Asks: 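First the structure, then my questions, so here it is.
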Amino acid sequence: MSERARYVVERFPDLADAVKQYSSDNRFFHGLCEDYGEAVEALHQCQNLDSSIAFERADACRALILDLEREILLELHQWNG
């Protein structure tokens with residue numbers, strides 16, 4: 001599992017085994033996990049800056065993170081269903 005995909009496991013620790021297994025079996029899901037990690041890292045970078053642009057970017061990152069969380073959970077639900 002990649003470093004960025006670990007953010008998904010940190011966010012959903014009760015789903016860690018499913019995330020790891022499905023991520024290794026499915027490229028699309030692996031990409032979602034990578035995108036999630038990238039968005040979390042971008043948010044952390046924005047939070048360390050003090051500017052209106054950084055604030056707007058942080059809001060965009062938060063929205064993207066929420067969308068990716070929904071999609072990750074939906075994918076896991078469909079995979080387990």
Side-chain angles (χ1 to χ4, degrees):
M1 174 177 292
S2 72
E3 287 302 312
R4 286 185 173 156
R6 292 188 191 281
Y7 289 108
V8 177
V9 172
E10 289 173 7
R11 174 63 179 92
F12 303 109
D14 55 326
L15 300 173
D17 291 336
V19 169
K20 291 175 186 175
Q21 183 178 355
Y22 194 41
S23 179
S24 67
D25 294 343
N26 184 292
R27 284 183 183 214
F28 176 75
F29 185 74
H30 179 78
L32 284 177
C33 293
E34 289 289 316
D35 292 346
Y36 182 82
E38 190 174 333
V40 170
E41 289 173 355
L43 177 60
H44 290 151
Q45 290 175 353
C46 291
Q47 290 175 332
N48 293 329
L49 303 173
D50 187 23
S51 73
S52 61
I53 294 172
F55 183 76
E56 290 175 19
R57 186 165 185 222
D59 282 347
C61 288
R62 286 185 194 95
L64 177 59
I65 287 168
L66 288 174
D67 287 344
L68 288 167
E69 286 177 354
R70 285 186 210 111
E71 195 160 353
I72 286 167
L73 291 174
L74 179 61
E75 283 291 317
L76 286 173
H77 179 72
Q78 290 175 348
W79 176 66
N80 281 326

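As the structure is a prediction and not an experimental result, all values here were calculated from the model. Scope of the values below: all heavy atoms of this structure, side chains included, with no hydrogens, waters or symmetry mates.
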Asks: What closest approach, in Å, do A39 and L68 show between heavy atoms, and which atom pair accounts for it?
Replies: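 The answer is CB-CD1, 4.4 Å.
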Asks: From D35 CG over to D67 CG, what is the distance, rounded to the nearest 0.5 angstrom?
Replies: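 The CG atom of D35 sits 11.5 Å away from the CG atom of D67.
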Asks: What distance do L64 atom CG and E38 atom CD have between them, rounded to the nearest 0.5 Å?
Replies: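 One finds 9.0 Å between CG of L64 and CD of E38.
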Asks: Is it the case that atom CG in D17 sees more than 12 heavy atoms from other parts of the structure closer than 6.0 Å?
Replies: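 For D17, atom CG is not crowded (no more than 12 foreign heavy atoms under 6.0 Å).
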Asks: Minimum heavy-atom separation for A54 and C46, please, with both atom names.
Replies: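 Nearest pair, atom of A54 first, then C46: O-CB, 3.7 Å.
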Asks: Around R57, counting heavy atoms of other residues, nucleotides and ligands shown, do more than 12 lie under 6.0 Å from its CZ?
Replies: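 Not more than 12 within 6.0 Å, no.
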Asks: Measure the spacing between SG of C61 and CD of E56 and express it to the nearest 0.5 Å.
Replies: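 Atom-to-atom, C61:SG and E56:CD are 12.0 Å apart.
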Asks: Is the backbone of Q21 close enough, under 3.5 Å, to the side chain of S24 for a donor and an acceptor to pair up by distance?
Replies: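 Here the side-chain-to-backbone pair exists.
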Asks: Would you call D59 and R62 a salt bridge, taking side-chain N to carboxylate O under 4.0 Å as the test?
Replies: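 Yes, D59 and R62 are salt-bridged.
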Asks: Check whether any side-chain heavy atom of E71 sits under 4.5 Å from a side-chain heavy atom of Y36, and report yes or no.
Replies: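 Counting from C-beta outward, E71 and Y36 never come under 4.5 Å.
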Asks: Distance check, rounded to the nearest 0.5 Å: R4 atom CZ versus H30 atom NE2?
Replies: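 Answer rounded to 0.5 Å: 10.5 Å.
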Asks: Indicate the atoms forming the closest heavy-atom contact of E34 with A5, along with that distance.
Replies: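 Closest pair (atom of E34, atom of A5, distance): OE2-N, 4.1 Å.
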Asks: Just how far is it from atom CH2 of W79 to atom CG of N26, taken to the nearest 0.5 Å?
Replies: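 Between atom CH2 of W79 and atom CG of N26 there are 9.5 Å.
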Asks: Are F29 and Y22 an aromatic pair by the rule of ring centers under 6.0 Å?
Replies: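 Yes, the ring centres sit under 6.0 Å apart.
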Asks: Go through it in stages, so that I can follow the logic: the residues are L73 and L15, the test is side chain to side chain contact (heavy atoms under 4.5 Å, CB included), and I'd like the CA-CA distance, side-chain angles, deciding distance and then a yes or no.
Replies: CA-CA 9 Å; L73 291 174; L15 300 173; 3.6 Å; yes
Asks: Applying the side-chain contact (heavy atoms from CB on, under 4.5 Å) test to V8, which of V19, L76, V40 qualifies?
Replies: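 When V19, L76, V40 are each tested with V8, the side-chain contact (heavy atoms from CB on, under 4.5 Å) holds only for V19.
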Asks: Going from OH on Y7 to CG on L43, what distance comes out if it is rounded to the nearest 0.5 angstrom?
Replies: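 Between atom OH of Y7 and atom CG of L43 there are 10.5 Å.
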